[in-house]
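We use all heavy atoms of the structure for the numbers below, so side chains are in, but hydrogens, waters and symmetry mates are not.
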Amino acid sequence: MPVKAIINIPNNKNMQHKSISIAAHHLTNELTFLQKLAMSLVSLGLLLMMVYWFQFKTDNASTWLWSSLSLLSIGSLWYSYELYKNTHPGIKNNGVWHAALTNRGAIAWVLAVFLTGFYVLLYWYPQYLGQAGEGEANKGLIGLFDPLSMFLKGKPASQWFVYGALYTLTIMLMGIKFIYKYRHNKYQVYRTISIIFFQTAIAFILPEIMQSLNKPYFDFKNIWPLNYYFFFDWNIDGMLAAGTLGYFMLFWGIISFLVFTPVLTYFFGKRWYCSWVCGCGGLAETAGDPFRQLSDKSLKAWKIERWVIHSVLAFAVIMTVAVLVARFTGIRNIFLIDSGTLSGWYGFIIGAAFSGVVGVGFYPIMGSRVWCRFGCPMAAYLGILQRFTIKLPWKKEATRMSKFRITTNGGQCISCGNCSTYCEMGIDVKAYAQKGDDIVRASCVGCGICSAVCPRGVLRLENL
Ligand code: SF4
Ligand code: SF4
C-alpha cells in the first residue's frame, strides 16, 4: 500500500492553500507496481526492435513492426497515465533533482551516449541501421520499417523514413504524456495538440504521400533558414520540374520567411513557430520535457548563446547568397570559397552535427533546447523580430517589432524560482518577476511553462 504524506501546497486556480495527500512515490520517484508493468511493455517493444535491428530475425517484418510499435505505444501511454493520474493540477516535477535520468546521473549519460551514437549512425553510417546498398534489400532497423513505407509511398524505407517515423511517434506519445501532465492548463494542451498535428500531418505523412505521387519531398512548415537547402540547385530544380505544384512550393517557401514569419511574429512573438509548429521545438517540448531544468541560466551562457546563434544565422545567409550567386551568375567563389564547399560545410557542421547529434543527443545533459537556443538560424531570425525595435519616421518613439511579452505581477512573487528552473531557454525569469518588469527576450520561445509552474499566477503571456 503506498504511504501517504500530508503536505500544504498552493492551489493554482484560486490561490488558496489546501491540504492534499500525495502518494509518497510521487515524492521519491519510486515506481508503483502498475508503472513497472507499463515500463515492462516499453522494454519489450524496444527489445523486439533490437532483435530485428541486429538481424536475429529477418522475415515477417510487418508482424514485428506492429508488435513492437504497439507495445511501445501502449506501455508509454499507460505509464503516463499511472504517473499523473493522482496528481494535483499545477507543478508536477517532484523529485526531479533526485532522479538519475533528470539530474545528469548514470541513466542520463547512458541515454545521451545512445542518442548521440544513433545520430552518428543515421547521418554517416546508415548501413549499420540496415540501409540497403545498390540493388539490395533493406535489412535490420530500416528493413523493419519497409512495410510502413510501402503502405505510405509504395517504396522501401530509407534511413530518413525510419527517422521521421520514430520522431513522429515520439512526439505523439510524449505529447500525450505532456498534455496529461499539464491538463489543467489550456495553453499547454492546445499548443501540444498543434505540435502533434504539424509533425504528423504536415512534416511526416504529407511529404511521404507526395513522394508516392512522384512529387518532390516538401515539408511546408520547414522554413528557410532552418530549411537551409531550400535554395540549393537540386532543390530548386526539383521544384521547377514538378510543374504548377513545384512553382507553388517555391512561392510558398519564399513568402513563408519574407511575409508569414514577420507578420505572425509581430502579432504572436516567435512562439507561433517555436512552440506551436516547429518539429525541433516539438520534440524539445514533449520528449525533452523531463530535461528542461538542465538549461544553463548563467550570464556566461547567455553571452555564448547570443554569439553562437547569430554566427550561425550569418553563416546561413552567407552560404545561401553564395549558392544563389553561383546559380544565377556562374561565379562560384564570391566569398573566396567555392559555394559547393561552403554549403557542404554548413550541411555537415550545422545541418547534421549541431542540429541532430548535439541538438538531441545532449538533451539529458544540457537540457532540451540546446539546438533552439544556441544553433537554430530560424530562432535567431525570429528572435531579432521579437526583441528589437525600429524607428519609424512618422513616430516619435521606437516601435517594437513584436507585440509579444510576458507581463509580471511582481507584488505576488514569492521568489520560489520555479519559473527560472523550468525555463528551457535558460532565462532567469525570476529576476524579472521580482522587479515586476515585462520579459522581452529574443530567446523566449513562449512555451509558457514558466507561467504554468508559477504557484502565484505572477506570469502572463500576452500580445500587447
Ligand atoms: S521565459 Fe517562460 S515562456 Fe519564455 S522560454 Fe522561458 S519558460 Fe518558456
Ligand atoms: S514568478 Fe517565478 S519566482 Fe515568482 S512566484 Fe512565480 S515561479 Fe516563483
Side-chain angles (χ1 to χ4, degrees), residues 31-85 101 107 110-111 114-115 117-119 121-122 125-132 136-180 196-197 199-201 203-209 211-212 279 282-283 286-287 290 360:
L31 294 188
T32 64
F33 175 69
L34 292 178
Q35 285 171 355
K36 287 174 189 165
L37 266 185
M39 285 312 286
S40 304
L41 294 188
V42 173
S43 306
L44 274 177
L46 284 175
L47 189 65
L48 292 190
M49 215 172 257
M50 296 283 181
V51 167
Y52 220 90
W53 182 354
F54 300 130
Q55 296 173 44
F56 297 115
K57 186 83 186 152
T58 51
D59 59 351
N60 215 355
S62 193
T63 309
W64 281 72
L65 177 67
W66 294 119
S67 307
S68 164
L69 295 187
S70 303
L71 285 167
L72 275 173
S73 306
I74 294 168
S76 54
L77 293 177
W78 186 15
Y79 178 76
S80 309
Y81 173 70
E82 293 298 329
L83 190 60
Y84 299 123
K85 70 178 181 186
L101 176 66
I107 299 175
V110 169
L111 183 62
F114 177 82
L115 287 173
F118 182 78
Y119 271 89
L121 296 181
L122 184 77
Y125 304 100
Q127 66 272 26
Y128 294 116
L129 301 177
Q131 178 72 61
E136 294 173 350
N138 285 325
K139 293 176 287 193
L141 186 64
I142 297 179
L144 179 66
F145 279 80
D146 273 347
L148 181 60
S149 183
M150 293 301 290
F151 173 74
L152 278 176
K153 62 179 174 185
K155 294 176 190 161
S158 65
Q159 84 252 44
W160 301 120
F161 178 84
V162 173
Y163 179 51
L166 289 175
Y167 198 99
T168 304
L169 182 70
T170 306
I171 289 187
M172 283 175 80
L173 297 177
M174 295 298 103
I176 293 169
K177 174 175 179 271
F178 186 92
I179 288 172
Y180 195 44
I196 294 174
F197 166 76
Q199 176 58 36
T200 311
F204 183 59
I205 294 178
L206 186 61
E208 296 300 337
I209 290 175
Q211 281 183 292
S212 75
L283 192 71
T286 52
V360 179

Donor-acceptor pairs under 3.5 Å, side chain of residues 69-79 to any protein atom, not counting sequence neighbours: which ones?
| from | atom 1 | to | atom 2 | distance (Å) |
| --- | --- | --- | --- | --- |
| Ser70 | OG | Trp66 | O | 2.5 |
| Ser73 | OG | Leu69 | O | 2.7 |
| Ser76 | OG | Leu72 | O | 2.8 |
| Ser76 | OG | Ser73 | O | 3.3 |
| Trp78 | NE1 | Glu82 | OE2 | 3.2 |

Please list, one pair per line, the donor and acceptor atoms closer than 3.5 Å that link side chains of residues 141-148 to other protein atoms, with sequence neighbours excluded.
| from | atom 1 | to | atom 2 | distance (Å) |
| --- | --- | --- | --- | --- |
| Asp146 | OD1 | Asn138 | ND2 | 3.0 |
| Asp146 | OD1 | Ala157 | N | 2.7 |

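How far CG of Asn60 is from CG of Leu65: 11.0 Å, rounded to the nearest 0.5 Å. Atom CE of Met49 is separated from atom OG of Ser67 by 10.5 Å, given to the nearest 0.5 angstrom. Atom NZ of Lys155 and atom CD of Gln211 lie 5.5 Å apart (nearest 0.5 Å). Atom CD in Gln199 sits 4.0 Å away from atom OG1 in Thr168 (nearest 0.5 Å). Note: Leu44 CG to Met39 CE = 11.5 Å, rounded to the nearest 0.5 Å. Between atom OH of residue Tyr81 and atom CD of residue Gln35 there is a gap of 12.0 Å, rounded to the nearest 0.5 Å.
Within the structure, salt bridge (charged side-chain N to carboxylate O under 4.0 Å, His left out) pairs that include any residue of residues 167-179 do not occur (at least two apart or interchain).
Residues Thr170 and Leu283 form a side-chain contact, since some pair of their non-hydrogen atoms from C-beta on lies under 4.5 Å apart. Taking the side chain as every heavy atom from C-beta outward, Phe178 and Met174 never approach each other to under 4.5 Å. Within the 4.5 Å cutoff, no side-chain heavy atoms of Tyr52 are placed close to those of Leu48.
Between the side chain of Gln159 and the backbone N or O of Leu122, at least one donor-acceptor pair lies under 3.5 Å.
Between Ile176 and Ile196, the closest heavy-atom pair is N-CD1, 4.3 Å. When all heavy atoms of Gly45 and Ser68 are compared, the closest pair comes out as O-OG, 3.0 Å. Contact between Val51 and Trp64 at its shortest, heavy atoms only, is CG1-CZ3, 3.6 Å.
Other residues, nucleotides and ligands contribute only 12 or fewer heavy atoms inside 6.0 Å of the NZ atom of Lys139. More than 12 heavy atoms of other residues, nucleotides or ligands shown are found within 6.0 angstrom of CZ on Phe54.
For Tyr119 and Phe114, the ring centers are positioned 6.0 Å apart or more.
For Leu121, the side chain to side chain contact (heavy atoms under 4.5 Å, CB included) partners are Trp53, Tyr125, Tyr128, Leu129, not counting sequence neighbours. For Thr58, the side chain to side chain contact (heavy atoms under 4.5 Å, CB included) partners are Gln55, not counting sequence neighbours. Under the ring pair (Phe, Tyr, Trp, His ring centres under 6.0 Å) criterion, Phe161 pairs with Phe204, not counting sequence neighbours.
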